Trainee: 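Quick one: the structure is below, questions incoming.
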Number of protein chains: 2
Amino acid sequence: MKDLFYLTRAQIIKAMAHPSRLKMVTALADKELCVRELKAIVKADMSTVSKHLAIMKNAGIVQDRKKGLQVYYRLTCPCTATFLACIESFVKNQRSRFSKTSSLSRKLKPAKD
Amino acid sequence: MKDLFYLTRAQIIKAMAHPSRLKMVTALADKELCVRELKAIVKADMSTVSKHLAIMKNAGIVQDRKKGLQVYYRLTCPCTATFLACIESFVKNQRSRFSKTSSLSRKLKPAKD
DNA sequence: TGGCTATTTGGCTATATGGCCAAATACTCT
DNA sequence: AGAGTATTTGGCCATATAGCCAAATAGCCA
């Protein structure tokens with residue numbers, strides 16, 4: 001299998017692999033939202049939010065449409081709900097296995113961001 | 001919703017958001033593999049593979065067990081197949097929408113890695 | 001014990017990412 | 001056209017990530 005195959009898929013996954021972006025995706029699962037609304041949800045600088053949205057748009061996760069002064073974003077793919085549910089399974093699974101985590105896996109510095 | 005909620009989930013997603021790691025996850029969906037086998041699959045330095053595995057283990061995506069000299073890794077969560085299928089939907093969706101991609105989303109520099 | 005093989009770790013460097021500010025752009029309304 | 005609001009872009013800096021090499025660790029077997 002070509003490298004490009006995994007690169008493409010990794011790009012899509014990476015586009016959701018950030019707390020703010022994930023939060024936006026979750027919010028967008030309900031209905032389309034404009035940048036100002038998304039900014040309120042993730043509580044970040046407008047320019048930061050805009051860049052996060054550009055990353056997701058570039059990955060094909062969201063699409064935008066202009067409505068007057070506002071730009072509305074919506075999810076491109078209906079499978080997002082499945083995706084989120086899937087992550088929940090991971091979390092659940094992770095928790096159930098937590099007590100027997102080996103010491104090695106604790107040695108990695110936890111991310112601060 | 002607390003920030004920690006999205007942070008936890010983003011960590012898990014991030015742990016799969018790399019071509020080599022994704023390739024390993026895909027390979028592990030079939031059966032458990034030792035580090036040497038995984039190294040052959042992703043064609044990377046042993047230490048690099050090991051670090052990728054540590055990241056996934058830390059995120060709770062894989063578990064390991066020692067068998068003689070080798071360390072075998074396996075997926076923690078049975079939902080991984082669903083996850084991968086879900087990414088395929090994204091890809092499919094992305095392709096179908098490709099022709100009408102706006103110029104803006106092309107402005108982001110494509111990653112070189 | 002000593003040698004051998006498999007894996008992990010530490011340290012280093014290059015590159016990527018995220019966040020903030022300031023400036024540019026896009027659109028509306030007067 | 002000019003003012004005002006929403007969003008994007010460019011630039012900069014701090015931090016995170018990936019990959020390589022060398023060294024450390026772990027288990028097996030003579």
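Each chain gets a letter, A, B and so on, in the order the sequences are listed, and its residues count up from 1. Being a predicted model, the structure only gives us computed values, none of them experimental.
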Trainee: Which of these nucleotides, dG10(C), dT7(C), dG10(D), is closest to any side-chain atom of S47(A)?
Mentor: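 From the listed options, dG10(D) comes nearest.
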
Trainee: Quick check: any donor-acceptor pair below 3.5 Å linking the side-chain of K39(A) to the base of dG19(C)?
Mentor: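 No, no donor-acceptor pair under 3.5 Å.
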
Trainee: With heavy-atom distances below 4.5 Å as the criterion, would you say the side chains of R74(A) and L28(A) are in contact?
Mentor: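 R74(A) vs L28(A): side chains apart.
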
Trainee: Kindly indicate whether the side chain of K14(A) and the base of dG18(C) share any N or O donor-acceptor pair separated by less than 3.5 Å?
Mentor: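 No such pair is found, so the answer is no.
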
Trainee: I need the full list of side chain to side chain donor-acceptor pair (under 3.5 Å) pairs touching residues 27-41 of chain B, with sequence neighbours left out, sorted by first then second residue.
Mentor: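 Sorted pair list: E32(B)-R65(B).
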
Trainee: When you measure from the side-chain N and O atoms of H52(B) to the phosphate of dG19(D), is any distance below 4.0 Å, counting only OP1 and OP2?
Mentor: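 True: H52(B) side-chain N/O within range (under 4.0 Å) of dG19(D) OP1/OP2.
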
Trainee: Do the side-chain N or O atoms of T48(A) get closer than 4.0 angstrom to the phosphate oxygens (OP1, OP2) of dG19(C)?
Mentor: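 So the side-chain polar atoms of T48(A) never come under 4.0 Å of the phosphate oxygens OP1 or OP2 of dG19(C).
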
Trainee: Below 4.0 angstrom from OP1 or OP2 of dT5(C), is there any side-chain N or O of R36(B)?
Mentor: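 For R36(B), the contact criterion (side-chain N or O under 4.0 Å from OP1 or OP2 of dT5(C)) is not met.
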
Trainee: Which nucleotide, dG27(D), dT17(C), dT7(D), lies nearest any side-chain atom of L69(B)?
Mentor: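 Nearest nucleotide to the side chain: dG27(D).
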
Trainee: Between D45(A) and C34(B), which is nearer to the 5' end of DNA chain C once each is assigned its nearest nucleotide?
Mentor: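 Going by which nucleotide is closer to the 5' end, it is C34(B).
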
Trainee: Side chain of K67(B), base of dG27(D): donor and acceptor closer than 3.5 Å?
Mentor: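 Side chain to base: no pair below 3.5 Å.
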
Trainee: For dA6(D) and Y73(A) - does any side-chain N or O of the residue sit under 4.0 Å from the phosphate oxygens OP1/OP2?
Mentor: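 Answer no for this pair, as no side-chain N or O of Y73(A) is under 4.0 Å from OP1 or OP2.
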
Trainee: Any idea which of dT8(C), dA26(D), dT7(D) is nearest the K66(B) side chain?
Mentor: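 Shortest atom-to-atom distance from the side chain points to dA26(D).
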
